[in-house]
Amino acid sequence: MLGYLVDLAVQMERDADRPEAEVHRRDRLLLARQPGGEGGGAGKADLSTDGELRRGRLEACPTRVVPRDRRATLQGWIEALRAAGEALPGVGVSAAYRLLVAALMGTGLVVGWSVAAVVFRYDGSRPVNVVEVLAVFVVAQLALLMLLGIVLTPSRWLRLLPGALTVQEALAWFSPGQALRLLQRRLPPGVRELVARTGRPLASGLPGLGTVRKWAGTFAAQGFAVAFNVGALAGCLYLVTFSDLAFAWSTTLEPSVERVHRWTGWAATLWGWWLPEAVPSPELIRETLFYRRDAVPLAIAAGRWGGWWPFLVACMITYGALPRVVLLAVAGWRFRVAMRRALLEAPGVALVLDRLESVWVATQATGTETEPEPVREGGPAEQGEDMRVAPRRLTLVNWGGLALEEARVRERIAADWRCEVLGTETAGGSASIEADAAVVTALAQTPEDSGVALLVKGWEPPLLELLDFLRDLRRAAGNRRILVVVPLGLAGEEGGSWQPLPAAELERWRRRLRSLGDPGLVVRSWPERPAALAAPGGGA
Amino acid sequence: MSDRPLFAVVGHPNKGKSSIVATLAADDSVRIGPEAGTTTQARRYPMRVDGQELYALVDTPGFQRARRVLHWLRQHERGAHRRAEVVRQFVASHRDTGEFPDECELLEPILEGAGILYVVDGSVPYGPEYEPEMEILRWTGQPSLALVNPIGPADHLGEWQAALGQFFQVVRVFNAVTAEFRKRIELLRAFGELQEEWRGVLEQAVRLLEADRARTRRLASHTVAETLAAMLAHRVERKLPARANPAGHRAALEAEFRSDLRRLEQRCRDRVETLYSHRRIERQEAGLPLVDEDLFAERTWLVFGLGRRQILAGGALGGAATGAWVDAHLGGASLFAGAVLGAGIGAVVGWWTADQLVRVRVMDVPLGGRLITAGPTRNRNFPHVVFNRARYHHWLVARRTHAAQGVLAVREDPRQVLPPLPGEELSALEKTFGRLRRHPEATAVQEELADHLTAVFARDDEAGGGEGGEHRGNAGPSTD
């Protein structure tokens with residue numbers, strides 16, 4: 001479960017900056033290709049191609065399917081990601097954690113045994129001090145347990161106990177996380193950045209991981225503590241079994257025997273009723289009090305030397321090992337609960353599930369659009385408002401069915417361009433190909449020093465059809481003839497008069513006709529005059 | 001004929017075919033430009049559901065030599081019942097000659113069984129040069145629909161509708177730049193009228209697109225809710241020497257704070273736009289107003305990040321331990337008075353020591369100093385401002401078509417175009433803002449806010465409408 005959780009955190013962090021559509025597509029394909037998934041088939045998913053899923057059943061396809069076991073869906077998704085080659089650290093982190101717990105337990109055993117060997121050390125010169133044993137294996141452990149209790153208690157409960165919250169805050173400073181942060185500050189900048197980047201998903205990707213981290217740490221620590229106690233007990237029992245130990249008690253505080261007996265009685269409440277030999281008697285207490293200045297072995301009767309060990313072992317088990325075992329079990333249970341919760345309830349997981357459960361819909365193109373061929377820059381064919389060689393005589397061609405009043409157009413052209421209009425032809429539009437050819441032939445027969453002016457709809461794009469006509473005309477009429485193309489702008493709102501084409505659109509016409517490479521081809525704007533040249537209604 | 005509906009978008013060059021495809025396919029990668037012949041090859045825009053194609057649109061080049069093609073077809077006519085065959089023959093014999101590349105490219109999908117979507121511009125006059133194109137399309141025998149897309153003022157709709165009605169089964173007006181999601185769905189349904197077999201698939205497509213739209217709104221809501229939470233919790237801090245004057249650093253700190261908030265907001269904008277498949281939006285938005293007189297705080301900080309409270313707690317713990325030792329010495333007779341007294345004395349010493357430690361230097365490194373912070377903002381109006389801006393931006397993005405190329409101008413006051421929230425909803429939102437301010441990291445509160453936003457966004461999206469003036473550039477008035 002820990003591995004899934006870590007991978008979930010890491011993957012969510014990675015996906016945060018990826019386009020949602022891309023991630024959605026990937027995940028749906030991954031899920032479908034899982035064994036038992038709708039796409040069927042196992043193995044490594046190919047993320048580069050679209051699968052043909054649920055072919056033939058799409059009309060019945062629901063927009064969203066919520067599975068019964070959403071946790072299993074998430075786990076399946078993570079497994080699919082791993083199978084698809086995503087480098088996810090979850091399995092490694094999980095294994096490392098198990099290794100850490102095992103190492104801590106091994107260390108705990110060794111440390112427990114070693115501490116027992118030191119505390120229960122007896123070389124015959126001085127007996128093992130019972131107070132020392134209790135201080136190390138009971139009091140110190142209970143104190144640590146209390147501090148752990150404060151750390152683990154939710155802060156809202158600690159508010160009820162004055163000062164407890166402050167203690168919790170102070171203890172937080174000694175947490176492993178804080179120690180790691182301090183350690184991180186001491187690292188070289190490059191390494192520090194690397195560590196921060198690696199740890200970021202685990203630290204901030206899933207805020208719900210905070211609880212998981214807390215119980216993971218507690219579980220590992222309790223593993224150490226249980227092993228420590230087991231090691232200590234084993235060491236103690238080993239020494240009791242295979243060597244002779246003399247126990248006595250000694251303290252400067254000088255409590256009375258009755259008080260010590262009362263204390264030991266309290267301590268033995270839990271086992272005294274069924275294990276009376278593990279409860280020190282007043283006589284034992286009285287007879288085993290010793291002072292270092294005395295010759296101890298002489299002061300204590302030989303039969304009393306081992307009288308304390310059942311009580312000490314019972315104390316170590318009851319107040320040392322058992323609470324730790326219980327805490328280990330609780331931490332393990334809370335750890336699992338926290339992981340299961342975090343897997344489904346951590347922020348952002350709802351959106352991941354939403355993605356996994358909703359069909360992926362895309363309407364965009366699958367490939368990139370091909371670049372259009374650049375317009376071939378041919379000959380000049382580009383003139384401004386002046387014609388380089390102004391023809392004295394012109395034949396007009398109405399291209400594309402412009403609705404013109406012929407007489408007025410001729411009059412206007414003649415006046416504005418100071419030339420004689422020889423006649424008007426009609427081509428393009430609804431005219432047939434044969435009619436166009438006939439117009440070309442007719443134009444070719446006009447005097448060689450006359451030009452041809454094509455009046456065209458400037459709001460329509462220059463089609464290849466027009467370019468073909470110009471090419472045919474050039475071929476038939478010879479290279480010396482001036483050909484003028486005049487794109488007209490639409491009539492204004494009031495109607496009735498053609499407008500000069502806006503400069504940008506005129507420029508587009510020029511660019512397009514330049515591709516013909518015809519030096520005798522001129523694009524000219526319609527003169528801006530108020531004269532009404534269009535047919536009534538102003539339409540085309 | 002294909003079992004999957006296929007629609008070829010055809011017509012004269014520069015009449016908005018690509019714009020229509022961009023809008024219907026929600027794809028802003030479509031090349032749209034004023035130059036004729038921007039589209040040189042047919043390009044498919046399939047609607048895919050979990051990888052399976054449901055239907056596809058095909059953007060095609062415009063007719064360039066329609067009269068010549070029609071001339072050829074007429075020359076080879078073998079009766080009305082074999083006209084489609086003649087068109088096929090035309091494509092086969094000219095595919096590799098390079099003489100009619102655009103016509104071959106646009107006719108091929110139609111010959112594969114595509115329905116015809118013939119696009120014209122309703123803002124320019126009808127002309128006879130369109131008739132050969134329509135005649136060729138009629139020769140293919142495929143179901144057809146004409147779309148009048150007014151690129152400019154729709155002054156010529158009537159004449160177009162009259163002319164198109166003679167050639168096409170269905171004629172619809174569809175402004176590719178201003179059409180909202182609802183119009184897009186309506187048009188998709190209209191495609192189903194072309195062929196009985198396509199209706200079911202297209203209804204399913206509509207259902208899926210609507211569900212996907214709702215999901216996109218949910219994601220956008222979450223994005224905004226997360227951002228709002230981050231902005232409400234945001235603060236910046238600066239460590240200063242113990243004797244430094246914090247006033248001199250306030251301006252820089254405030255600028256950094258504002259810049260961070262702006263960055264968070266901009267990231268949110270980018271994400272919302274990406275969710276709606278807009279990747280190329282140029283955005284104009286006024287800076288985030290921030291009026292907060294109580295933005296700054298100042299406190300002593302100590303080395304290793306220990307603050308005054310931690311020092312105090314440490315002192316109390318030490319004092320309590322010492323007192324407890326005395327209690328133990330007295331055999332418990334003192335009833336833990338030693339521990340309590342010790343904790344008190346320790347706490348006082350800790351409090352006093354914190355101030356002294358700030359001035360201590362170890363190996364010329366100061367142990368502590370001052371920490372000034374800016375934020376988080378306490379302005380009650382702030383979340384409302386952020387919410388209104390995000391709501392307005394979402395509304396603009398959700399209704400913006402992928403053919404729109406102008407700047408997205410996010411106005412400062414969205415109340416001019418969006419209706420105010422009902423009092424009850426506003427009150428619930430205010431409460432959620434309050435909770436969010438207290439617990440910005442709480443997932444449940446963020447989810448709660450996201451739910452509010454989803455409802456608001458859905459209402460805005462479904463209401464559509466509003467004015468169309470935000471899209472500067474080529475946005476024309478809606479005529480659909």
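Quick caveat, the model's predicted, so the values are computed rather than measured. Convention: sequence-line order gives letters A, B, ...; per-chain numbering from 1.
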Tell me whether Arg279(B) at atom CZ has more than 12 heavy atoms from other residues, nucleotides or ligands lying less than 6.0 Å away.
yes

Exam field: side chain Arg68(B) to backbone Ile433(A), donor-acceptor pair closer than 3.5 Å
no

Could you tell me which non-hydrogen atom of Ser430(A) sits nearest to which non-hydrogen atom of Pro128(B), and how far apart they are?
CB-CB, 3.6 Å

Among His12(B), Arg67(B), Glu129(B), which residue satisfies the side chain to side chain contact (heavy atoms under 4.5 Å, CB included) criterion with Leu463(A)?
His12(B)

So which of Gln41(B), Arg65(B), Met47(B) has the biggest tally of heavy-atom pairs under 4.5 Å with chain A?
Arg65(B)

Could you pull out the closest heavy-atom pair between Ala365(A) and Pro46(B), with the gap in Å?
CA-CD, 4.4 Å

Could you tell me which non-hydrogen atom of Ala66(B) sits nearest to which non-hydrogen atom of Glu465(A), and how far apart they are?
N-OE2, 3.7 Å

Contact origin within Glu505(A) toward chain B - heavy atom pairs under 4.5 Å:
neither

Using only atom types and a distance under 3.5 Å, with no angle test, would you say the side chain of Gln64(B) pairs donor to acceptor with the backbone of Leu464(A)?
yes

Side chain, backbone, both or neither: which part of Ala504(A) has a heavy atom under 4.5 Å from chain B?
neither

Pick one: which of Asp50(B), Asp212(B), Leu208(B) meets side chain to side chain contact (heavy atoms under 4.5 Å, CB included) with Trp360(A)?
Asp50(B)

Let me confirm one number: the CG-NE2 distance from Leu219(B) to His24(A), rounded to the nearest 0.5 Å.
9.0 Å

Using heavy-atom distances under 4.5 Å, tell me whether Arg271(B) contacts chain A through its side chain, its backbone, both, or neither.
side chain

Can you see which heavy atom on Ser123(B) is nearest to which on Leu490(A), and at what distance?
O-CD1, 4.2 Å

Considering non-hydrogen atoms only, spot the tightest contact between Pro19(A) and Thr274(B) and give its length.
CB-CG2, 4.3 Å

Heavy-atom closest pair, residues Gly127(B) and Lys457(A):
CA-NZ, 3.7 Å

Measuring from Arg218(B):CZ to Ser358(A):OG, what's the distance to the nearest 0.5 Å?
5.5 Å

Can you confirm whether Asp27(B) sits close enough to Thr363(A) that some side-chain heavy atom of one is under 4.5 Å from a side-chain heavy atom of the other?
no

Yes or no on salt bridge (Lys or Arg N to Asp or Glu O under 4.0 Å) for Lys15(B) and Glu460(A), after CA distance, side-chain angles and deciding distance?
CA-CA 9 Å; Lys15(B) 298 300 164 194; Glu460(A) 296 288 1; 2.9 Å; yes

Does any part of the side chain of Arg215(B), heavy atoms only, come nearer than 4.5 Å to the side chain of Arg355(A), both counted from C-beta?
yes

Per-residue contact mode, Glu447(B) against chain A (heavy atom under 4.5 angstrom)
side chain

Between Phe63(B) and chain A, with a heavy-atom cut-off of 4.5 Å, which part of the residue counts as in contact: side chain, backbone, both or neither?
backbone

Check whether Trp509(A) gets within reach of chain B through its side chain, its backbone, both or neither, counting any heavy atom under 4.5 Å.
neither

Determine whether a donor-acceptor pair (N or O, by modelled atom type, separation under 3.5 Å) exists between the side chain of Arg48(B) and the backbone of Gln364(A).
yes

Where on Asp121(B) is there a heavy atom nearer than 4.5 Å to chain A: the side chain, the backbone, both, or neither?
neither

